[in-house]
Visitor: 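First the structure, then my questions, so here it is.
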Amino acid sequence: MTTAPYVALRPAGAGAPPAPVGREDLLGRLERALHTRGRALLTGPAGVGKTELALAEATRAEARGETVLWLATLPSDREIPGASAAALVASVSATVAWPDLGPGRPEACGVFDELPGPQRTAVAMLCREAPLDAGGWDPIALRLGIAQILRTLAGRGPVLLVVDGVQHIDADSADLLRFALHLAPPALRVVAVETPEPYGEAKEPHRPEDPHATHLWVPSEADVLLVPPLQADEIAALLIHHRLPSRMAGRIHRASGGNPRLALAVGRSLADARTPVHHAEALTLSGRARDLARQLLGAAPLAVRETLLLAALALRPSSTLVRRAGRANAEADLAAAERAGLVSLAEDGSVTFTAGLLPSTLVHDACWAERSAGHAALAEVVDDPVEAVRHRALATDSPDEDLAAEVAAAADVARRRGNSALAAELALLAAESTPGRHGRRRIARLVDAAEEAARAARADLAMRAATDLLARDAAPSDRVRARLAVLDTAGQGLTGLDEMYVHAMEDSEGDTALRAAVQLRLAVKYVLADGDPQRSRAAAVESAALAASMGDPRTAAQALTVQARMERALGSPDAEAVLAQARALELAERPLGIRNAAQILTIRHALFDDRLTDARDELNALLPLVQRRGSVEDAIELFSTLAAIESRRGACPAALAHAGQALALTLEAGLSPGPAWYTLALAETAGGSFARAASYARRSIQASEEEGDRVFLSRSRYALGRVQLINGDVAAALETLRRVQADERAQSTMDPSMLRWHEELAEALLAQDAGDEALAVLDEVRPVASRLGRSTVLLGCDRAYALWLAAEGRTDEAADLLTRTAESFGQAGLPLERGRALIALARVERRRRRRSAAQSALHAAASVFERAGAAPWLVLASETPAGPAGETPGGGSAGEEAPAALSALTEAELRLARLVGQGASNQEAAAKLYLSVKTVEARLTRIYQKLDVRSRAQLATALRR
């Protein structure tokens with residue numbers, strides 16, 4: 001059995017193999033269908049992942065010790081009588097072997113040797129193991145023989161039969177298999193995989209009326225599961241799984257329509273082309289991706305493809321529009337294309353291609369005359385003047401100033417309508433339609449096109465405009481503006497653009513206003529790509545001074561905002577004063593964008609300070625304005641910040657909703673998903689699922705590494721380490737959080753409120769019995785937090801310090817401190833932090849033998865989590881048992897109540913005791929716990945003393961008791 005393209009391989013010793021990416025729920029439905037009915041049909045278009053799903057189920061069946069038979073058919077099998085039935089017998093042979101293939105396989109005799117003579121002869125003739133007599137095989141004997149083979153196999157234990165490509169089964173084999181499966185016992189379960197043939201070509205010419213010619217059962221006997229396309233977020237996970245850049249996930253999803261095979265082909269096409277990721281938004285593809293699209297389109301008749309070309313050329317295609325443009329049979333052609341899975345038709349007749357690669361391939365493969373004729377026909381029938389101008393411009397390849405002026409005016413109309421993507425396309429089309437004799441006018445339009453593309457987050461159009469302009473004799477100021485537009489569309493991916501910055505600096509020499517703008521972009525690059533907030537602050541200071549000298553309050557406000565961000569990160573007391581300056585300039589200027597504005601940074605500072613109600617109210621007041629006239633990046637920034645606020649204040653369902661909106665907008669715009677995945681990790685940790693939170697954090701780490709984004713790389717590692725710690729994976733959490741510590745120190749980040757890793761690292765160290773190091777981390781952060789007035793940071797330190805007190809045996813002090821800390825968290829409006837402190841209090845109370853107090857603390861925590869909608873925390877609080885055995889740092893447990901003597905052990909000692917009690921050597925325990933052998937020996941000595949045992953055998957006995 002071969003490995004499917006996107007099924008993760010099961011690691012040795014693992015439980016159930018994982019499902020294909022994005023197919024967890026569907027695999028569960030398949031398993032339930034097989035359990036209840038024993039028959040299931042997987043259907044859907046080619047490449048959607050049906051075979052991979054069947055393979056995942058087969059792998060799970062094999063892991064359970066079941067026999068798996070895999071029958072893969074080919075299109076040519078339809079023309080060979082008995083081909084599929086013979087292949088099934090061969091599959092049985094490969095599984096249990098023919099009796100005469102050699103000694104040592106006597107179990108095979110039960111399958112073939114026990115067949116009655118006529119049946120054995122008929123099966124041998126089917127497989128050409130015996131010569132055909134003049135009359136061919138005995139059909140009745142063959143039916144009974146195939147049925148007996150399957151019954152015998154199922155009698156030995158559960159059997160899973162997978163038929164991949166059931167539409168290719170020849171008619172004779174279909175009859176044989178239907179008969180055999182009808183007589184098969186329940187222990188034989190069947191998964192059939194079907195890819196419907198387009199345009200009805202799969203019908204047997206000699207059996208046109210048989211509805212079951214290519215099926216193994218009547219429809220009522222099986223559950224039919226449609227395998228749908230993947231969502232954009234699942235496509236992103238698929239790309240990461242195959243180590244392909246995830247930044248383009250949104251555009252790849254649109255290009256592929258969610259079809260995994262197409263998506264991987266597109267991703268590999270981009271990767272093979274080695275196109276810089278910020279240049280690739282146009283998805284100019286070749287190779288396997290185009291070939292797959294051509295295969296899908298090639299099955300359509302020529303007339304259907306000609307109709308589809310007109311639909312591909314239109315901005316808002318519909319059956320009516322295509323018919324008016326000259327395709328009299330438009331409705332019939334489009335209906336046929338819908339049956340083939342190429343388009344979907346709405347009730348109003350609007351046409352949507354199932355994959356964006358299909359219309360782009362139609363246009364790409366059409367000759368100029370076909371495209372020109374199509375645009376000319378559409379220009380005559382569209383009812384929107386903006387669209388008509390666009391089609392007229394695309395119908396000619398002769399530059400024309402009058403036409404270019406019309407297109408530029410249409411771009412202005414599209415901009416006023418709020419259609420920034422169309423405005424950017426038209427602005428570039430206006431520039432490209434400008435005759436060469438109007439060189440200055442063309443350059444001016446190219447600058448406008450680049451800046452319009454930047455507002456629309458269309459990096460491909462910005463790069464096209466900039467490339468055209470930089471090849472001409474443009475003024476330095478125009479060159480700088482074009483380059484800045486390209487930089488502004490790069491999002492988080494600023495690595496690999498150093499040359500762009502260098503040339504922008506050179507061309508801005510002597511132009512103070514432009515130099516201020518370039519320094520502002522450099523300030524962003526220094527912190528995101530280089531992780532150097534001090535250099536970023538210096539560039540921001542210079543930019544603000546230059547802008548102020550030129551009377552440019554907008555650029556000055558943006559530069560002061562960046563400076564304020566860096567001042568806060570560096571722990572400077574001047575941060576708020578600088579932010580107030582920026583806010584004053586901004587209120588006077590009222591810029592359209594807010595993503596790098598002082599207003600949003602003011603809200604984020606309130607978030608860092610846990611002034612959450614103020615932050616939420618101000619952000620909600622700003623949201624309608626942004627939705628009405630802001631850019632997509634503005635909306636993403638707002639939704640992400642709202643999600644972070646709601647996560648922190650315990651409004652978990654709202655946090656998940658806002659984080660989901662931020663991700664959807666991010667993928668739609670083709671921006672880096674790293675920041676949005678980080679936000680989702682926070683929201684899932686609060687109110688979704690710890691497992692999903694860890695998955696999103698890992699995705700964000702990979703995306704941030706792809707982009708070279710130091711800021712979100714550190715944040716994503718923090719999100720992952722926190723979830724690992726809560727889940728009790730202490731060794732992994734400690735490794736992750738140490739990397740966060742190294743990242744933050746390398747970036748000279750001093751303010752502990754921006755990323756609260758200190759308390760998490762201290763708790764992970766305590767769980768690993770490294771109390772002195774944990775105390776050192778807390779002692780390092782407390783003075784800084786006190787100096788900056790970060791009161792809730794100090795509360796987090798108090799929670800970790802209380803756990804240190806408990807580890808030192810000072811449980812009374814620990815309980816008192818945790819009680820006060822939980823109350824303070826509640827007063828600060830941080831319910832999840834209060835609940836976490838209560839879980840820690842319950843652990844300490846159990847150690848003090850105060851079972852009732854421990855249960856009371858847990859009940860209080862569960863009540864807090866239930867009101868907040870914090871589902872994973874509620875499970876954690878509800879499942880924590882009364883005993884201390886197996887406690888996780890977050891408050892969970894993996895075992896039942898332990899004997900009283902075990903409560904003397906720390907969590908780290910208990911983990912080691914269990915490993916040794918299960919037979920691990922000192923070296924093995926050291927490797928599993930990421931400790932040195934000497935540390936294991938010293939810790940084991942303390943365990944022996946506390947439990948009053950003298951050997952590993954006595955230790956194991958104590959643990960069993």
Visitor: Taking side chain to side chain contact (heavy atoms under 4.5 Å, CB included) as the criterion, tell me which of Val382, Asp383, Val351, Leu321 meets it with Arg316.
Guide: Asp383

Visitor: If only atom types and distance count, is the side chain of Ser372 paired as donor or acceptor with the main-chain N or O of Trp368 below 3.5 Å?
Guide: no

Visitor: Could you tell me the separation between the CG atom of Leu310 and the NE2 atom of His375, rounded to the nearest 0.5 Å?
Guide: 9.5 Å

Visitor: Using a 3.5 Å distance criterion without hydrogens, assess whether the side chain of Thr59 forms a donor-acceptor pair with backbone atoms of Leu55.
Guide: yes

Visitor: Verify, without hydrogens or angle tests, whether Thr73 (side chain) and Gly165 (backbone) share a donor-acceptor contact under 3.5 angstrom.
Guide: yes

Visitor: Determine whether Phe639 and Thr679 make a side-chain contact, defined as any pair of heavy atoms from C-beta on separated by less than 4.5 Å.
Guide: no

Visitor: Minimum heavy-atom separation for Gly298 to Arg305, with atom names?
Guide: O-NH1, 3.8 Å

Visitor: Ignoring hydrogens, what is the shortest heavy-atom contact between Ala424 and Ala456? Give both atom names and the distance.
Guide: CB-CB, 4.2 Å

Visitor: Using only atom types and a distance under 3.5 Å, with no angle test, would you say the side chain of Thr434 pairs donor to acceptor with the backbone of Ala404?
Guide: no

Visitor: Only one of Val163, Val162, Leu161 passes side chain to side chain contact (heavy atoms under 4.5 Å, CB included) with Trp70; say which it is.
Guide: Val162

Visitor: Evaluate the side chain to side chain contact (heavy atoms under 4.5 Å, CB included) criterion for residues Arg458 and Ser420: first the C-alpha distance (whole Å), next the side-chain angles of each, then the deciding distance (0.1 Å), finally the verdict.
Guide: CA-CA 9 Å; Arg458 286 293 303 271; Ser420 58; over 6 Å; no

Visitor: For the pair Arg445 and Asp468, find out whether any cationic side-chain nitrogen is under 4.0 Å from an anionic carboxylate oxygen.
Guide: no

Visitor: Minimum heavy-atom separation for Ala408 to Ala430, with atom names?
Guide: N-CB, 3.6 Å

Visitor: Does His168 reach the side chain of Ser84, with side-chain heavy atoms less than 4.5 Å apart?
Guide: no

Visitor: For Glu380, is the CD atom crowded, meaning more than 12 foreign heavy atoms sit under 6.0 Å from it?
Guide: no

Visitor: Walk me through it: do Leu30 and Leu27 pass the test side chain to side chain contact (heavy atoms under 4.5 Å, CB included)?
Guide: CA-CA 5 Å; Leu30 174 60; Leu27 184 58; 4.2 Å; yes

Visitor: Quick one, Leu53 and Leu225 - any side-chain contact, counting heavy atoms below 4.5 Å?
Guide: no

Visitor: State, with a plain yes or no, whether a side-chain heavy atom of Glu633 is found less than 4.5 Å away from one of Glu637.
Guide: no

Visitor: Distance-only, no hydrogens or angles: does the Asn259 side chain make a donor-acceptor pair with backbone N or O of Ser256 under 3.5 Å?
Guide: no

Visitor: With the side chain counted from C-beta on, respond yes when Leu429 and Leu394 share a heavy-atom pair under 4.5 Å apart, and no when they do not.
Guide: yes

Visitor: Quick one: does Ser700's side chain have a donor or acceptor within less than 3.5 Å of a partner on Gly674's backbone?
Guide: yes

Visitor: Could you give me the CA-CA distance, side-chain angles and deciding distance for Leu230 and Arg23, then say whether side chain to side chain contact (heavy atoms under 4.5 Å, CB included) is met?
Guide: CA-CA 9 Å; Leu230 295 178; Arg23 303 303 192 194; 3.5 Å; yes

Visitor: Short question: side chain of Lys50, backbone of Ala192 - any donor-acceptor pair under 3.5 Å?
Guide: no

Visitor: Can a salt bridge be assigned to the pair Asp384 and Arg417 using a cut-off of 4.0 Å between side-chain N and carboxylate O?
Guide: yes

Visitor: Could you tell me the separation between the CG atom of Leu292 and the CG atom of Leu357, rounded to the nearest 0.5 Å?
Guide: 8.0 Å

Visitor: Quick one: closest heavy-atom pair of Ala46 and Thr195, and the distance?
Guide: N-CG2, 3.7 Å

Visitor: Taking the side chain as every heavy atom from C-beta outward, state whether Leu656 and Glu684 have any atom pair closer than 4.5 Å.
Guide: yes

Visitor: Does Ala265 offer a backbone N or O that forms a donor-acceptor pair with the side chain of Ser269 under 3.5 Å?
Guide: no

Visitor: Around atom CG of Asp25, are there more than 12 heavy atoms of other residues, nucleotides or ligands at under 6.0 Å?
Guide: no

Visitor: Do His242 and Leu238 come within less than 4.5 Å of each other through their side chains, counting heavy atoms only?
Guide: yes

Visitor: Any chance you could measure Gln231, atom CD, to Leu663, atom CG, to the nearest 0.5 Å?
Guide: 11.0 Å

Visitor: Are Leu308 and Asp333 side-chain neighbours, meaning at least one heavy-atom pair lies under 4.5 Å?
Guide: no

Visitor: Would you say Asn419's side chain and Leu422's backbone share a donor-acceptor pair under 3.5 angstrom?
Guide: yes

Visitor: Is Arg415 paired with Asp412 through a side-chain N to carboxylate O contact shorter than 4.0 Å?
Guide: yes

Visitor: What is the distance from atom CD1 of Ile235 to atom CG of Leu244, rounded to the nearest 0.5 Å?
Guide: 11.0 Å

Visitor: For Glu387, is there an ion pair with Arg390 - N to carboxylate O distance below 4.0 angstrom?
Guide: no

Visitor: To the nearest 0.5 Å, tell me how far Thr666 OG1 sits from Trp677 CH2.
Guide: 10.0 Å

Visitor: Verify salt bridge (charged side-chain N to carboxylate O under 4.0 Å, His left out) between Asp291 and Arg288, making sure each step is shown before the conclusion.
Guide: CA-CA 5 Å; Asp291 290 341; Arg288 179 62 174 159; 5.7 Å; no

Visitor: How long is the straight-line distance from NE2 of His364 back to CZ of Arg371, given to the nearest 0.5 Å?
Guide: 9.0 Å

Visitor: Between Thr396 and Ala393, is there a donor-acceptor pair closer than 3.5 Å when you use the side chain of the first and the backbone of the second?
Guide: no

Visitor: Among Arg32, Arg29, Arg37, Arg39, find the residue that satisfies the salt bridge (Lys or Arg N to Asp or Glu O under 4.0 Å) test when tested with Asp223.
Guide: Arg37

Visitor: Do you know the tightest heavy-atom contact between Ala255 and Ala355?
Guide: O-CB, 3.3 Å

Visitor: What heavy-atom pair brings Ala263 and Leu239 nearest, and what distance separates the two atoms?
Guide: O-CD2, 4.3 Å

